[in-house]
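Atoms within each ligand, like the ligands themselves, are counted from 1 in listed order. Below, all heavy atoms of this structure are taken into account, side chains as well, without hydrogens, waters or symmetry copies. For clarity, every value in this text was computed on a predicted model and none was experimentally measured.
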Amino acid sequence: MKDDELIRKASEVQTTAVASYSHFNVGAALRTKSGKIYTGINIESSSYSLTICAERVALFKALSEGEREFDSIAIVTDSVELCPPCGACRQVLWDFAPDIKVILANRHGKTKEYLLRNLFPAAFDQNYLQV
Ligand code: THU
């Protein structure tokens with residue numbers, strides 16, 4: 001199944017997360033509408049607030065390669081409770097992929113999927129920049 005492959009890719013990179021301070025490893029795998037997969041890990045800085053989440057790393061990698069159409073993103077952590085994307089990642093995903101499917105998974109085989117639009121209701125976006 002397509003989603004299993006995405007979860008597998010996110011699991012593979014999750015082990016390489018640079019989570020030196022939180023030790024909370026996150027892996028993400030973002031699939032474009034054309035079927036290409038871009039992965040991301042969380043990368044932490046000694047100046048903690050400069051940390052970037054796995055989801056945004058995957059999205060920014062894809063955007064910087066010219067991708068603009070996204071289908072789904074898988075997010076994998078070690079936590080017993082499935083880890084949903086943080087508010088900052090929801091915003092940036094919304095800006096570029098409001099219709100994206102968000103698949104959460106952990107290393108214990110638990111999964112759940114959402115549509116971003118249900119995770120991020122009444123969102124701010126470029127439409128509100130008109131004055
Ligand atoms: N983190 C992510 O990579 N994605 C999320 O959706 C939640 C949080 C990272 C940021 C930080 O490196 C660590 O998890 C703990 O917050």
Side-chain angles (χ1 to χ4, degrees):
M1 192 175 127
K2 265 181 15 173
D3 289 351
D4 290 342
E5 188 198 358
L6 206 59
I7 291 169
R8 193 172 62 250
K9 296 257 187 207
S11 301
E12 279 168 20
V13 294
Q14 192 234 357
T15 60
T16 69
V18 185
S20 320
Y21 306 100
S22 73
H23 306 293
F24 186 71
N25 285 18
V26 185
L30 172 68
R31 187 170 49 228
T32 66
K33 285 195 176 161
S34 66
K36 203 161 168 199
I37 294 176
Y38 291 84
T39 59
I41 53 169
N42 53 328
I43 302 170
E44 297 184 351
S45 168
S46 60
S47 182
Y48 298 166
S49 64
L50 301 181
T51 290
I52 183 166
C53 295
E55 297 91 323
R56 274 174 290 154
V57 170
L59 179 63
F60 293 162
K61 280 170 67 179
L63 289 168
S64 74
E65 295 297 320
E67 303 289 354
R68 292 294 184 270
E69 303 271 328
F70 303 103
D71 173 73
S72 40
I73 185 168
I75 303 160
V76 172
T77 62
D78 291 319
S79 54
V80 176
E81 292 302 321
L82 295 173
C83 176
C86 79
C89 290
R90 291 181 203 203
Q91 178 67 58
V92 182
L93 285 169
W94 179 264
D95 289 334
F96 293 97
D99 297 321
I100 201 168
K101 183 166 77 173
V102 178
I103 304 154
L104 310 182
N106 65 13
R107 302 192 76 86
H108 312 288
K110 188 171 170 186
T111 66
K112 187 168 168 83
E113 60 178 60
Y114 296 91
L115 288 176
L116 179 65
R117 62 178 61 261
N118 296 327
L119 283 179
F120 200 53
F124 172 82
D125 61 26
Q126 60 183 341
N127 296 314
Y128 294 95
L129 294 173
Q130 317 301 328
V131 286

Top protein contact for [atom], by heavy-atom distance:
| atom | value |
| --- | --- |
| atom 11 (C) of ligand 1 | E44 OE2, 3.3 Å |
| atom 3 (O) of ligand 1 | A54 N, 3.0 Å |
| atom 14 (O) of ligand 1 | F24 CD2, 3.4 Å |
| atom 5 (C) of ligand 1 | E55 OE2, 3.4 Å |
| atom 7 (C) of ligand 1 | C83 SG, 4.1 Å |
| atom 1 (N) of ligand 1 | C53 SG, 3.7 Å |

Open item on the list: Using a 6.0 Å cut-off, check whether atom OH of Y114 has over 12 heavy atoms from anything other than its own residue.
Closed with: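 Incorrect, the count does not exceed 12.
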
- [ ] Verify the neighbour count for atom NZ of K110: are there more than 12 heavy atoms of other residues, nucleotides or ligands below 6.0 Å?
- [x] yes

Open item on the list: Just to be sure I read this right, does ligand 1 sit under 4.0 Å from the backbone of S22, its side chain, both, or neither, counting only heavy atoms?
Closed with: side chain

- [ ] Please state which part of P84 comes within less than 4.0 Å of ligand 1, counting heavy atoms only: side chain, backbone, both or neither.
- [x]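 Backbone only; the side chain of P84 stays clear of ligand 1.
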
Open item on the list: In the complex you have, is atom 16 (O) of ligand 1 within reach of the protein, judged by whether a heavy-atom distance drops under 4.0 Å?
Closed with: no

Does at least one non-hydrogen atom of [X] fall below 4.0 angstrom from an atom of ligand 1?
| X | result |
| --- | --- |
| C89 | no |
| A19 | no |
| A28 | no |

Open item on the list: Please check this pair: side chain of Q91 against backbone of F124, looking for a donor-acceptor N/O pair closer than 3.5 Å.
Closed with: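 Yes; at least one donor-acceptor contact below 3.5 Å.
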
- [ ] Look only at the side chain of N42 and the backbone of F24, and say whether a donor-acceptor pair between them is shorter than 3.5 Å.
- [x] yes

Task: Distance, nearest 0.5 Å, that separates OG1 of T15 from CG of N25 - done: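 Answer for the OG1-CG pair, T15 versus N25, is 7.5 Å.
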
Counting from 1, what ligand 1 atoms have a heavy atom of [X] closer than 4.0 Å?
| X | answer |
| --- | --- |
| N42 | 3 (O), 9 (C), 11 (C), 12 (O), 13 (C), 14 (O) |
| C86 | 6 (O) |
| P85 | 6 (O) |

Open item on the list: Assess whether a salt bridge exists between K101 and D71, defined as any Lys/Arg side-chain N lying under 4.0 Å from an Asp/Glu carboxylate O.
Closed with: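 Here K101 does not pair with D71 in a salt bridge, since their nearest N and O are not under 4.0 Å apart.
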
Open item on the list: Whether the T32 and S34 side chains hold a donor-acceptor pair (N or O, under 3.5 Å, no angle test) is what I'd like checked.
Closed with: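 Yes, because at least one side-chain N or O of T32 sits under 3.5 Å from a partner of the opposite role on S34.
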
- [ ] May I ask you to check whether E65 and Y38 show a side-chain donor-acceptor distance below 3.5 Å?
- [x]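 There is no such pair between these side chains.
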
Open item on the list: Would you say that P85 contacts I75 through its side chain, given a criterion of any heavy-atom pair below 4.5 Å between the two side chains?
Closed with: yes

Task: Given R31, K9, K112, the one that forms salt bridge (Lys or Arg N to Asp or Glu O under 4.0 Å) with D3 - done: R31

